[in-house]
Number of protein chains: 2
Amino acid sequence: MGTIYDLAKKTGFSITTVSKALNNYKDVSDKTRAKILQAAAEMDYLPNAHAQSLSTKKSWAIGVMFSEANEVGMKHPFFNGIIESFRHATEEQGYDLIFASRNLRNRDMSYLEHFKHRAVDGIVVICSDRMDEQVQELMRSDIPIVVVDMDSANCSVVYSDNIEGARLAVNYLYELGHRKIAHIAGDETIDAGAARIKGYELAMQELDLPIRPGYLVNAGFFSVGEGKQAMERLLELDDQPTAVFVAGDQMAIGVIEAIHEHGLHVPNDISVIGYDDIEMIQYITPKLTTIRQDTDEIGEAAAELLLEQMTAKERLTERRVIPVRLVERASCAPVKQ
Amino acid sequence: MGTIYDLAKKTGFSITTVSKALNNYKDVSDKTRAKILQAAAEMDYLPNAHAQSLSTKKSWAIGVMFSEANEVGMKHPFFNGIIESFRHATEEQGYDLIFASRNLRNRDMSYLEHFKHRAVDGIVVICSDRMDEQVQELMRSDIPIVVVDMDSANCSVVYSDNIEGARLAVNYLYELGHRKIAHIAGDETIDAGAARIKGYELAMQELDLPIRPGYLVNAGFFSVGEGKQAMERLLELDDQPTAVFVAGDQMAIGVIEAIHEHGLHVPNDISVIGYDDIEMIQYITPKLTTIRQDTDEIGEAAAELLLEQMTAKERLTERRVIPVRLVERASCAPVKQ
DNA sequence: CCTCTTCCCGAAAGCGCTTTCGGTAATTTG
DNA sequence: CAAATTACCGAAAGCGCTTTCGGGAAGAGG
C-alpha cells in the first residue's frame with residue numbers, strides 16, 4: 001500500500017508536496033498534482049487514518065452508546081431504526097460509527113474514557129436510562145454529544161412528542177366513545193415513559209375524564225412480559241376499562257395476549273392502542289393501532305444536531321421534538337353499548 | 001487529560017519509563033511503576049488510541065460489513081441477533097466494532113479500501129450476497145476475515161446447518177402425514193436460500209416424495225411481501241400443497257397472510273413452517289413453527305474464528321456449521337383426511 | 001578488591017501524516 | 001530594467017506513543 005514517503009520517492013517530490021497534493025492545497029501546480037495523484041492510484045495508496053487523526057486531531061468517528069438494559073442491546077427494533085438512519089446521515093458526511101467496548105485490554109473503563117481514548121469527534125446516546133451514571137458522565141463531558149429519547153438541559157436532545165402522542169391516543173379512544181381509558185405505562189425513570197404518563201393525564205383532564213383507581217399501571221421497561229402482567233392486573237379490577245393506551249408496542253403485544261387469554265376480544269371487548277409502530281405489529285392479530293414515532297426523522301435530526309456541534313466546535317443545546325402521528329389499524333373499536 | 005510527556009514531567013521519569021510502566025514492562029521497579037500509575041490516575045491520563053495504533057500497527061478495531069440489500073441495513077432482526085452476540089464476544093477481548101462509511105471525505109471508496117484506511121485488525125461480513133463485488137474483494141484481501149451465512153473456500157465461514165434444517169422441516173411435516181409439501185424458497189444466489197432448497201430436495205427424495213410441478217417457488221429475498229406473492233402462486237395451483245416449508249420467517253408471515261386472505265386456515269387447511277425463529281413470530285397468529293437458527297452461537301463462533309486469525313496473524317479457513325433445531329408452535333397440524 | 005550479572009532507566013528512532021514558514025524561480029508592474 | 005508580486009515547493013517540527021539498545025548502579029561471585 002505504501003506511505004506518502006513512498007509516494008514522494010516515486011514521484012521525486014517532497015512529502016510535503018505529496019501531502020498537499022493529496023489534500024488539495026492550492027500551492028501545488030496542476031501538473032505535479034496530477035503526477036502525484038497518478039502515482040497514488042498506481043500504487044493503491046491509502047492514507048493511514050490513525051496518522052491523520054494523530055496529526056489533525058480529528059478522527060472522523062462517532063461513538064455510539066446505547067442502553068443495555070433489558071438485555072436488548074442492538075436487538076431493540078426502535079433503537080435499530082434510529083441508529084440506521086443516523087448512520088446513513090453521518091455516513092454521508094464521511095463519519096464512521098464506533099460501538100465501543102469498555103474493555104481496554106482488560107482494564108475496563110467508562111464509556112467516556114473509552115471515547116476519549118478513541119478520540120471520537122462526537123457521541124450519540126440512545127434509548128438510555130437517565131439515571132445511568134455513565135450517561136451522566138458523558139453529558140457532563142466536553143465532547144459534542146446528542147442524546148436521543150431523553151431530555152436534558154445541558155446537551156442537544158431529540159425525542160418524539162410524547163405528550164402529544166399520548167394525547168392523540170387518548171383523544172382517539174375518546175372519539176370512539178370510550179370513557180374508561182386506562183394507561184399501561186413505562187417506568188417513570190425513562191423520560192419517554194414519564195412523558196407519556198403526563199400526556200395521558202393531561203388528555204384525560206382536558207376531556208374531563210377521571211383516572212379511575214388502578215387505571216394507571218407502571219409496567220416497567222417496555223417488554224412483552226411486563227405488558228402482559230400489567231394487563232392482568234387491569235383485568236382483575238371490578239371496574240374494567242374499555243380501552244387501554246399502552247406506552248409501547250412490545251408491551252401492547254403482551255397486553256393483547258393477556259386479554260385473549262382472559263377470553264375477551266380485541267377490539268370488541270377492549271380496545272388497545274400502542275406506541276412506536278415497530279414493524280411486527282402489522283402482522284399480529286389484530287393489527288395494532290398505534291402512535292407512530294418517526295425513527296427516520298429522529299435519526300436524521302440527531303445526526304444534524306451532532307454534526308452542527310462538531311463543525312461549530314462548541315457545545316450546543318438544541319432541543320428537537322419530532323412529531324408523531326396516529327396509525328389506525330384494527331385494535332380499536334367503538335365502545336360497546 | 002495529558003500525554004505521556006506530561007506524565008514524564010510530573011513524575012520526573014523519562015517518557016520511555018512512563019510508557020513501560022503503563023504497559024507492564026518488567027524492567028521498571030515496582031516503586032516507580034506505582035508512582036507513575038498514581039500520577040496517571042491523578043491527572044486522568046488516557047493513552048491516545050491513534051498514537052498507539054500508529055506505533056504498534058494494531059488498532060483493536062473490527063470492521064463490520066453487512067448487506068444493504070432490501071434496504072434492511074441494521075434493522076434485520078436475524079442480522080442483529082448475530083452482530084449483538086458477536087459484539088459481546090469481541091468486546092470481551094477489548095475490540096471495538098466499526099461500521100464503516102464508504103465515504104472518505106467525499107471520495108467514496110470500497111469497503112476494503114476503507115478498512116485498510118482505518119487499519120482494522122479484522123473484518124466480519126454478515127448476511128451478504130456472494131455476488132457482491134465488494135464482498136469478493138474483501139475475501140481476496142489479506143486482512144483476517146470471517147464470513148457469516150455464506151460459504152467460501154478461501155476464508156473462515158460460519159453458517160447454520162441449512163441442509164439439516166430443511167430436512168428437519170420436511171420430515172416433521174411428513175410425520176404429520178403431509179405428502180404434498182411445497183417449498184417457498186429464498187433466491188439461489190443467497191447461499192442460505194440455495195442450501196435450503198437442496199435440503200428440501202434431498203429430504204423429499206429420501207422420503208420418496210415427488211416434488212410436484214410448481215411446488216418449488218423462488219420468493220426472492222426473504223421479505224414479507226415476496227412470501228405473500230409466492231404463496232398466492234401456490235394457491236392458484238389445481239393441486240394445492242397441504243403443507244409448505246418457507247425458507248424464512250418473514251416470508252412465512254406473508255405466506256400466512258396470503259392463506260388467510262384466501263379464506264383458508266393455518267394450520268387446519270395448510271400447515272406452514274418457517275426458518276430463523278425471529279422474535280416476532282411468537283406473537284403472530286398462529287404462532288409460527290419454525291427452524292431455529294442459533295444467532296448467539298453463530299455470533300460467538302464468528303468471533304472465535306476471527307480472533308483466532310488475528311492472534312495467529314495468518315489467514316485461516318475454518319468452516320463452522322451451527323446446528324439448528326425445530327421449534328414446535330402452532331402453525332402445523334396433521335393432514336386432513 | 002575486581003569482574004560478571006542483574007536491575008533500572010533513558011536516548012533516540014520510528015510509526016505516517018499535517019502544517020507553518022521560508023525560500024527560490026517565474027511573472028508582473030511601473 | 002529594477003522592483004514587487006505571485007506561484008510553487010521543501011525543511012522541519014509536531015501529533016502521542018512504542019521499542020530497541022546501550023549504559024550506569026547495585027549486587028553476586030571469586
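We name chains A, B, ... by the order of the sequence lines, and we start the count at 1 in each one.
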Check: C:dC17 base within 3.5 Å donor-acceptor of A:Asn48 side chain: no
Step-by-step side-chain hydrogen bond (donor to acceptor under 3.5 Å, both in side chains) determination, A:Glu137 to A:Ser110: CA-CA 9 Å; A:Glu137 193 187 33; A:Ser110 73; 3.1 Å; yes
Backbone N/O of B:Asp296 and side chain of B:Ser85: donor-acceptor pair under 3.5 Å: yes
Most 5' of B:Gly12 and B:Ser55 on DNA chain C, judged by nearest nucleotide: B:Gly12
SB check A:Arg315 A:Asp142 (cutoff 4.0 Å): no
Between D:dG16 (P) and B:Lys9 (NZ): distance, integer Å: 12 Å
Distance-only donor-acceptor test, B:Ser14 side-chain atoms vs C:dA11 base atoms, 3.5 Å: no
Pair B:Lys116 + A:Asp44: basic N to acidic O under 4.0 Å: no
Sugar-phosphate only, base, or nothing, as touched by A:Ser53 at under 4.0 Å among non-hydrogen atoms: nothing
Residue B:Tyr45, side-chain atoms from C-beta onward, closest of D:dT19, C:dT19, D:dC17: D:dC17
Spacing of B:Phe13 atom CZ relative to C:dC8 atom P, expressed in whole Å: 12 Å
Check: C:dA11 base within 3.5 Å donor-acceptor of B:Thr16 side chain: yes
Spacing of B:Asp27 atom CG relative to C:dT5 atom C1', expressed in whole Å: 16 Å
Closest nucleotide among D:dC15, C:dC17, D:dC9 to the A:Ile4 side chain: C:dC17
A:Glu308 with A:Lys313: basic N within carboxylate O range, under 4.0 Å: no
Distance in angstrom units between B:Asn23 CG and D:dG16 P, rounded: 17 Å
A:Ile15, nearest nucleotide to its side chain (from C:dT18, D:dC9, C:dG10): C:dT18
Length of the CD-C1' vector between B:Gln52 and D:dT19, whole Å: 13 Å
Minimum-distance nucleotide to A:Lys57 side chain [options: D:dC15, D:dT18, C:dT19]: D:dC15
Side-chain N or O of A:Ser29 closer than 4.0 Å to phosphate OP1/OP2 of D:dC9: yes
Whole-Å distance separating the CG atom of A:Leu54 from the P atom of D:dT18: 12 Å
Whole angstrom value for the distance that separates P of C:dG16 from NZ of B:Lys116: 14 Å
Nearest-neighbour nucleotide for the A:Ser19 side chain, C:dT18, C:dG10, D:dT18 considered: C:dT18
For atom NE2 of A:His50 and atom P of C:dT18, their distance in whole Å: 14 Å
Any donor-acceptor N/O pair under 3.5 Å between D:dC17 base and B:Tyr5 side chain: yes
Side-chain ion pair, A:Arg118 and B:Asp96, N-O less than 4.0 Å: yes
Minimum-distance nucleotide (side-chain atoms of A:Lys20 versus C:dG16, C:dC21, C:dG14): C:dC21
